[in-house]
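Computed from a prediction, not measured in an experiment: that's the story for all the values here.
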Amino acid sequence: MKKKVIIFSSIIVSLAVIFTYIYQSREPFAVNGTGNSFYEKDTQTVLSDKKWLLTFTKEFKQESIKGNESIYVTDKDGKKVDTVLEITEAFVALSPPEGGYDPSKGPYELHISGEIESVDGKTLGEKKKITFTAMEQLPTITSKKELNSLFAARLEQLKQEREESNSFFGFGKEESISGSDVGGAKNADMAVENESRGGSDGHSETNVQVQGVDEADIVKTDGDFIYQVTDQKLKITKVKPVEEIAVLTELRYQEFNPHQLFVDENQLVVIGHHWDEKMMYDGYGYKGSESRIMPMHEATKAIIYDITDRANPTVQKTVTLEGNYVSSRKIENHVYLITNKYADFWMLEERPEADLRPRFSDTQGEEEGEMEEVPYKDIRYFPDSTEDNFMTIATLDLNQPQEDASITTYVGSGDQIYMSKENLYVAVPNYGYGPNWANNESTEVYKFAVDGMNVEFRANGAIPGHLLNQFSMDEYKGHFRVAATKGQTWDENSPSSNHLFILDEGMNVVSSVEDLARGERIYSVRFMQDKAYVVTFKEVDPLFVFDLSNPNDPKVLGELKIPGFSNYLHPYDENHLIGFGYDTKLEKDQWGTRVLTNGVKISLFDVSDPTNPLEKHTEIIGGQATHSPLNHDHKALLFNKEKDIFAFPITMYDENNKDHSYRLAFEGALVYGIDTEKGFTLHTKITHQPENTMYEDWENMVQRILYIDKHLYTVTPKGIKATEITW
């Protein structure tokens with residue numbers, strides 16, 4: 001029996017080696033671009049100002065690209081177009097002629113020479129050719145026929161890709177797939193200004209990325225009341241006077257699970273997941289004589305309450321959008337809500353007349369409105385996107401809740417957003433298949449101008465690599481800055497690298513700093529006016545300091561390597577930066593060297609000399625299993641420099657040296673003070689857990705820490721506790 005197992009294992013290993021060799025030799029060096037797959041028989045449609053971004057599965061020899069002889073565009077008459085070629089270490093960009101591609105001179109062809117070489121001497125092989133037409137403005141869907149034709153073409157493309165992928169020997173041809181069918185859970189001005197805007201007392205506000213752009217959270221306060229969504233209910237708690245904390249309102253919901261909320265004087269906006277069992281399970285049915293109704297898998301609901309009487313909130317307006325919740329922002333009296341809905345276009349094979357449009361309802365008061373399809377005139381599409389989702393942007397005016405919400409839908413979607421007071425940016429990942437696929441990825445970024453109820457598409461651009469989170473993006477003085485990782489840390493044949501790009505108002509890359517910290521990935525980013533701070537990690541934590549004062553010539557000024565890494569960076573003042581993450585240790589075993597977390601770590605970085613950043617003070621909390629919501633959610637932080645508060649929820653574990661097991665040591669809130677000379681001082685520990693508990697009780701876990709006047713308030717799903725600020 002043992003002999004048979006050995007023989008079988010040997011056969012499996014041999015086959016794996018053979019298949020890997022064939023797989024790698026099939027197309028060891030490939031090119032990919034943002035947008036649709038590179039099928040020569042396909043004709044893409046792009047905007048006339050399209051800037052082609054070409055990435056490669058391996059590092060390429062820049063000298064093997066002979067300018068416009070290797071990569072160029074021809075018009076319908078075969079004449080070369082006057083494009084501009086830019087070659088960098090990470091990608092090749094081809095900019096359109098001045099004034100963009102003339103739609104009347106298409107179709108165009110983008111030619112890519114097969115003689116382009118990788119650093120190990122492989123070539124692309126056959127010449128690549130992409131046929132495309134151009135249009136000057138973002139197109140609008142005009143009819144069901146046009147929308148269904150768009151998705152029918154996408155369905156056919158996916159079928160072709162699937163057929164080729166199913167054949168092992170065909171695997172690795174140039175294909176692309178989008179990866180943004182996910183919802184969201186994660187600096188024009190320094191966030192240090194977000195501390196408190198009420199003098200020595202007042203009340204705290206949500207820790208947000210951009211001053212003046214509010215972000216929804218699970219807990220909010222207006223200084224007199226605390227508003228909380230948890231466990232499928234809304235709670236409003238009166239917290240003044242502090243001796244008489246009392247829950248005034250507890251609303252329980254059916255078919256609605258609230259996730260986040262905004263508070264604006266006497267209005268409260270509750271946002272969450274809505275489901276309708278009738279729509280989900282009653283089959284497809286008919287609407288009218290032609291349109292099929294697709295099953296509604298999920299929807300996002302926003303409820304606006306009048307809370308003039310906190311004990312009796314009344315519904316002013318309810319907006320429901322079909323699709324999963326991505327994120328939201330609030331600027332003054334306007335709330336911007338972004339959702340993604342996957343288009344069930346696979347149903348077109350059985351039901352060619354299916355109505356694929358996302359649905360919405362906009363009603364006044366308590367009454368539930370009937371879901372209606374978004375009008376075709378309000379649906380636009382990004383012509384070169386491979387996204388199979390509808391992204392809907394809804395704008396609500398809290399000053400005029402009786403007015404209809406402004407709703408616009410785009411075919412194409414994103415999984416990360418950044419918003420300034422003037423613009424909304426949506427990032428869309430675009431991945432490639434084939435050998436070293438992870439090194440052949442890029443991110444498309446769509447820019448929308450925001451002005452009150454109006455959200456209008458302005459431009460789009462692309463960069464190589466993928467983004468970590470919303471802090472990877474920033475807008476400052478008309479430029480968009482973004483940091484990205486290209487490749488994966490586990491790919492030793494084509495190691496990851498990290499880049500920072502600066503784009504102009506038209507979303508064209510004007511400068512970059514590339515190829516940092518090879519073999520590592522980005523763990524945190526913070527843009528602070530003319531500076532940027534980026535943490536990468538694999539075994540040690542390099543903190544890079546960037547000078548972005550000249551957008552055309554960004555530079556790395558300094559670098560610091562220390563154990564551990566920071567998940568989140570927060571400004572303390574213009575010369576100091578707080579890092580929050582994990583301490584780490586290296587452990588060797590028969591499989592090699594592993595990196596293990598070794599407690600939560602807070603660092604105070606001195607960046608007064610940007611050429612020589614220093615880790616001035618550190619604090620390591622708990623053992624290996626210790627963790628905090630702040631490791632992945634910046635809204636869990638309460639920071640106020642004036643009150644000397646740096647507070648966060650945490651669950652601490654200690655290791656038993658005898659059996660290396662872990663036991664709960666503490667769950668609750670830790671409140672630190674920070675002094676640039678003395679470092680971190682633990683002011684107090686606050687817990688809601690029963691004494692001598694072995695496991696943390698979810699209902700008593702601290703989710704947020706707030707301050708109102710001279711008290712801290714710790715908020716758990718079960719209750720709220722006030723603690724006097726005595727330091």
Side-chain angles (χ1 to χ4, degrees), residues 185-186 191 194-196 203-208 215-221 226-231 235 237 239 245 259-261 469 524 566-570 578-583 597 599-603 619-640 643-654 662-674 680-691 693-708 711-723 725:
K186 0 211 141 166
N194 286 321
E195 301 168 359
S196 168
H203 62 85
S204 58
E205 297 181 1
T206 300
N207 178 37
V208 299
E215 301 178 31
D217 197 12
I218 57 175
V219 175
K220 294 277 189 179
T221 184
I226 290 177
Y227 310 87
Q228 177 187 10
V229 288
T230 181
D231 197 23
K235 294 171 67 174
T237 304
V239 291
I245 295 176
H259 292 324
Q260 296 179 338
L261 49 78
N469 54 31
S524 57
S566 299
N567 297 110
Y568 175 67
L569 297 172
H570 193 89
I578 306 166
F580 190 92
Y582 287 102
D583 184 40
T597 57
V600 165
K601 178 182 179 181
I602 317 175
S603 301
E619 179 84 358
I620 298 175
I621 306 167
Q624 185 174 336
T626 300
H627 60 277
S628 167
L630 184 53
N631 288 119
H632 56 83
D633 184 0
H634 62 281
K635 300 171 191 174
L637 173 66
L638 171 63
F639 173 67
N640 186 281
K643 289 182 177 291
D644 196 27
I645 294 173
F646 186 88
F648 50 90
I650 196 166
T651 302
M652 294 169 53
Y653 287 88
D654 288 336
Y662 290 88
R663 180 183 177 87
L664 180 67
F666 174 80
E667 189 287 316
L670 296 184
V671 185
Y672 281 90
I674 301 177
F680 299 97
T681 301
L682 181 61
H683 288 316
T684 188
K685 299 167 65 175
I686 306 169
T687 185
H688 293 234
Q689 299 287 345
E691 290 187 13
T693 182
M694 295 184 63
Y695 305 100
E696 61 269 32
D697 175 13
W698 176 80
E699 286 193 338
N700 288 306
M701 292 184 69
V702 173
Q703 296 176 314
R704 294 291 186 266
I705 307 105
L706 315 172
Y707 77 75
I708 300 173
H711 285 85
L712 292 176
Y713 292 82
T714 44
V715 182
T716 73
K718 190 174 184 179
I720 297 173
K721 179 189 291 187
T723 302
I725 300 173

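- Ring pair F639/H570 is perpendicular by interplanar angle, where above 60° counts as perpendicular and below 30° as parallel.
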Run the numbers on F646 and L637 for side-chain contact (heavy atoms from CB on, under 4.5 Å), then give the verdict.
CA-CA 7 Å; F646 186 88; L637 173 66; 3.6 Å; yes
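- Side-chain contact between L712 and I645: present, with at least one pair of heavy atoms (C-beta onward) separated by less than 4.5 Å.
- Side-chain atoms of Y713 and T221, non-hydrogen and from C-beta on, never get closer than 4.5 Å to each other.
- The closest donor-acceptor contact from the side chain of Q689 to the backbone of D697 lies under 3.5 Å.
- Residues T230 and I218 have side chains not in contact (no heavy-atom distance under 4.5 Å, counting atoms from C-beta outward).
- Side chains of P717 and D231 form no contact here, defined as non-hydrogen atoms less than 4.5 Å apart.
- The closest donor-acceptor contact from the side chain of K635 to the backbone of V219 lies at 3.5 Å or more, if one exists at all.
- The structure places OH of Y672 at 9.5 Å from OG1 of T681, a figure rounded to the nearest 0.5 Å.
- To the nearest 0.5 Å, atoms CG (L638) and OG1 (T206) are separated by 10.5 Å.
- Atom CZ of residue R704 and atom OG of residue S204 lie 11.5 Å apart, to the nearest 0.5 angstrom.
- Minimum heavy-atom separation, I621 to M652: CG2-SD, 3.7 Å.
- The CD atom of E205 lies 8.0 Å from the NZ atom of K220; values are rounded to the nearest 0.5 Å.
- L630 is not listed as a side-chain neighbour of P649, based on a closest heavy-atom distance of 4.5 Å or more.
- Closest approach of I705 and A647 over heavy atoms only: CD1-C, 4.1 Å.
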side-chain contact (heavy atoms from CB on, under 4.5 Å) between I686 and V702: does it pass, once the steps are laid out?
CA-CA 9 Å; I686 306 169; V702 173; 5.8 Å; no
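- Under the 3.5 Å distance criterion, the side-chain polar atoms of T716 are matched with a main-chain donor or acceptor of G719.
- Listed here is the closest heavy atom pair of M701 and T651: CE-OG1, 3.7 Å.
- For the pair H683 (side chain) and D644 (backbone), a donor-acceptor distance under 3.5 Å is present.
- Of all non-hydrogen atoms in E619 and F680, the two that sit nearest each other are CB-CD1, 3.9 Å.
- Remark: side-chain polar atoms of Q703 are not paired, donor with acceptor, to backbone N or O of P629 under 3.5 angstrom.
- Neither side chain, E667 nor Y695, offers a donor N or O lying under 3.5 Å from an acceptor on the other.
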Taking it one step at a time, do V671 and Y707 satisfy side-chain contact (heavy atoms from CB on, under 4.5 Å)?
CA-CA 12 Å; V671 185; Y707 77 75; over 6 Å; no
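- With S524 contributing its side chain and S566 its backbone, the two residues share a donor-acceptor pair below 3.5 Å.
- For T714, the side chain to side chain donor-acceptor pair (under 3.5 Å) partners are H688, not counting sequence neighbours.
- Looking at heavy atoms from C-beta onward, K685 lies in side-chain contact with L670 at the 4.5 angstrom threshold.
- Between L706 and H203, every side-chain heavy-atom pair lies at or beyond the 4.5 Å cut-off.
- F648 and F580 have perpendicular rings, their planes meeting at more than 60° on a 0 to 90° scale where under 30° would count as parallel.
- Side-chain atoms of K721 come within 3.5 Å of backbone N or O of T687 as a donor-acceptor pair.
- Residues I245 and A722 share a closest heavy-atom pair of CD1-CB, 4.0 Å.
- Here the side chains of H634 and N469 are not in contact, with every heavy-atom distance at 4.5 Å or above.
- Put simply, CD on Q260 and CD on E215 are 9.0 Å apart, with the number rounded to the nearest 0.5 Å.
- Expressed to the nearest 0.5 Å, how far CG of N631 lies from CD1 of I650 amounts to 7.5 Å.
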